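Written below as structure tokens is the structure these notes are about.
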Amino acid sequence: MRPSGAAGEAIFTAVIRHSRALALLDRRDTRAAYATVSYAEALERFTALWTYARQINPTLGAMPSEADWRDDLRADLAIARAVNGLPPTA
């Protein structure tokens with residue numbers, strides 16, 4: 001990636017542009033990589049990953065309450081306000 005644009009502005013462009021040929025290569029590579037994996041093995045891998053993810057974050061997959069997403073955004077909003085020179089609260 002290379003930055004371009006006006007002073008103080010960074011616009012990044014992708015090094016590899018998405019194309020039909022790239023999508024075909026990706027699909028072919030994915031099929032080849034998982035060709036020997038059985039359904040049972042894939043399910044076992046998924047179960048192990050899901051179990052590990054739930055150990056890291058016990059609320060993963062739980063139905064969120066109305067306030068949960070607001071609590072998650074509180075820190076992000078505080079940082080955004082500080083970066084933009086705004087007071088800590090509205």
Side-chain angles (χ1 to χ4, degrees):
M1 293 190 201
R2 62 183 158 79
S4 63
E9 177 183 318
I11 300 172
F12 296 95
T13 58
V15 175
I16 299 175
R17 297 188 193 279
H18 184 73
S19 68
R20 201 174 286 175
L22 180 60
L24 178 63
L25 175 67
D26 186 45
R27 282 195 305 270
R28 229 181 316 166
D29 183 53
T30 301
R31 276 195 304 267
Y34 296 105
T36 60
V37 177
S38 69
Y39 176 79
E41 187 179 357
L43 186 58
E44 188 177 314
R45 287 180 186 184
F46 173 79
T47 303
L49 288 170
W50 182 258
T51 302
Y52 179 67
R54 290 294 305 259
Q55 288 172 354
I56 294 171
N57 181 3
T59 62
L60 181 70
M63 295 300 290
S65 70
E66 182 69 22
D68 285 346
W69 66 270
R70 291 187 184 124
D71 291 340
D72 290 342
L73 286 179
R74 188 169 287 125
D76 295 333
L77 292 173
I79 292 170
R81 294 184 70 77
V83 166
N84 290 305
L86 298 171
T89 56

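For clarity, every value in this text was computed on a predicted model and none was experimentally measured. Heads up: numbering here begins at 1 and tracks the sequence.
Within the structure, every pair that satisfies the side-chain hydrogen bond (donor to acceptor under 3.5 Å, both in side chains) test and touches residues 36-49, not counting sequence neighbours, is listed here: E41-R45.
With rounding to the nearest 0.5 Å, the separation of CD1 in I79 from CZ in R81 is 13.0 Å. Atom CG of L49 is separated from atom CZ of R54 by 14.5 Å, given to the nearest 0.5 angstrom.
Under the 3.5 Å distance criterion, the side-chain polar atoms of N84 are matched with a main-chain donor or acceptor of A80.
For N57, the side chain to side chain contact (heavy atoms under 4.5 Å, CB included) test picks out T59, L60, with sequence neighbours left out.
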